[in-house]
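This one's a predicted model, so the numbers in the text were calculated from it and none came from an experiment.
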Amino acid sequence: MTSDKTNIPTLLGAAKTDYPNAYDPNVLETFDNKHAGNDYFVKFNCPEFTSLCPITGQPDFATIYISYIPDTKMVESKSLKLYLFGFRNHGAFHEDCVNIIMKDLIALMQPKYIEVTGKFLPRGGISIDPYCNYGVPDTKYEELADYRLRNHDLYPEKVDNR
């Protein structure tokens with residue numbers, strides 16, 4: 001976890017990386033946003049996300065997309081990678097995964113706006129693509145969240161790669 005006094009990530013540049021074998025939001029670290037006065041998106045793509053079906057125990061594979069407008073804190077990417085890796089042995093439905101990720105990142109860094117999308121590979125002939133978002137209440141970011149939720153899938157992509 002990040003030190004409160006220095007706010008310097010501890011995992012980045014570590015000589016040996018210990019990969020988690022369980023879901024643990026405490027692995028997430030932050031650093032200061034040097035451009036907190038600007039609105040801009042940061043987007044992460046995790047094409048090798050895996051979790052387990054909580055009923056069958058079978059693996060689910062997905063690309064997870066995380067986009068956010070930071071406020072004063074930003075998530076450090078290596079800690080995010082380790083956090084997402086921790087889902088590998090975690091049993092959760094697809095919809096749960098994206099909501100858990102979003103809520104953990106909100107608790108961590110209090111972004112102005114965030115959205116998380118999961119593009120899961122099909123099992124049993126069907127794919128599931130859950131989407132969730134959040135904007136700070138009573139701000140333009142809440143309005144953005146409402147707009148993006150209502151319009152996020154008006155033009156679904158042609159799916160020919162899964």
- Could you list all the salt bridge (Lys or Arg N to Asp or Glu O under 4.0 Å) pairs where at least one residue sits in residues 50-69, not counting sequence neighbours? D60-R123

- Task: Answer with yes or no whether the side chains of Y131 and E115 bring together a donor and an acceptor at under 3.5 Å.
- Result: yes

- Note on the structure: Residues at least two apart in sequence or cross-chain that pass ring pair (Phe, Tyr, Trp, His ring centres under 6.0 Å) with F85, listed by chain then number, are Y19

- Task: For side chain to side chain contact (heavy atoms under 4.5 Å, CB included), just list the numbers for N133 and L144, CA-CA rounded to whole Å, side-chain angles, deciding distance to a tenth of an Å, and then say yes or no.
- Result: CA-CA 10 Å; N133 72 4; L144 173 63; over 6 Å; no

- Query: C132: what forms a side chain to side chain contact (heavy atoms under 4.5 Å, CB included) with it, not counting sequence neighbours?
  - Reply: V98, N99, M102, V116

- Task: Go through the structure and list residues passing side chain to side chain contact (heavy atoms under 4.5 Å, CB included) with N45, not counting sequence neighbours.
- Result: K43, Y65

- Kindly write out the residues that satisfy salt bridge (charged side-chain N to carboxylate O under 4.0 Å, His left out) with D104, not counting sequence neighbours, or none if the list is empty. none

- Cluster companions of I126 among Ile, Leu, Val, Met, Phe, Trp, Tyr (side-chain spacing under 4.5 Å): none

- Under the salt bridge (charged side-chain N to carboxylate O under 4.0 Å, His left out) rule, collect the residues that match up with D18, sequence neighbours excluded. K16

- Query: Who passes salt bridge (charged side-chain N to carboxylate O under 4.0 Å, His left out) against D39, sequence neighbours left out?
  - Reply: K112, K140

- Task: Sequence neighbours left out, what pairs pass ring-ring contact (aromatic ring centres under 6.0 Å, His included) with at least one residue falling in residues 90-111?
- Result: Y23-H90, F87-H90, H94-F120

- Message: Going by the rule side chain to side chain contact (heavy atoms under 4.5 Å, CB included), which residues pair with P137 if we only count those two or more places apart in sequence or in a different chain?
- Response: Y134, E142

- Item | Working for side chain to side chain contact (heavy atoms under 4.5 Å, CB included), residues M109 and Y68 | CA-CA 10 Å; M109 60 181 173; Y68 73 99; 3.6 Å; yes

- Message: With side-chain hydrogen bond (donor to acceptor under 3.5 Å, both in side chains) as the rule and sequence neighbours excluded, what pairs involving residues 46-57 come up?
- Response: T50-R88

- With sequence neighbours excluded, what pairs up with Y141 under the ring pair (Phe, Tyr, Trp, His ring centres under 6.0 Å) test? none

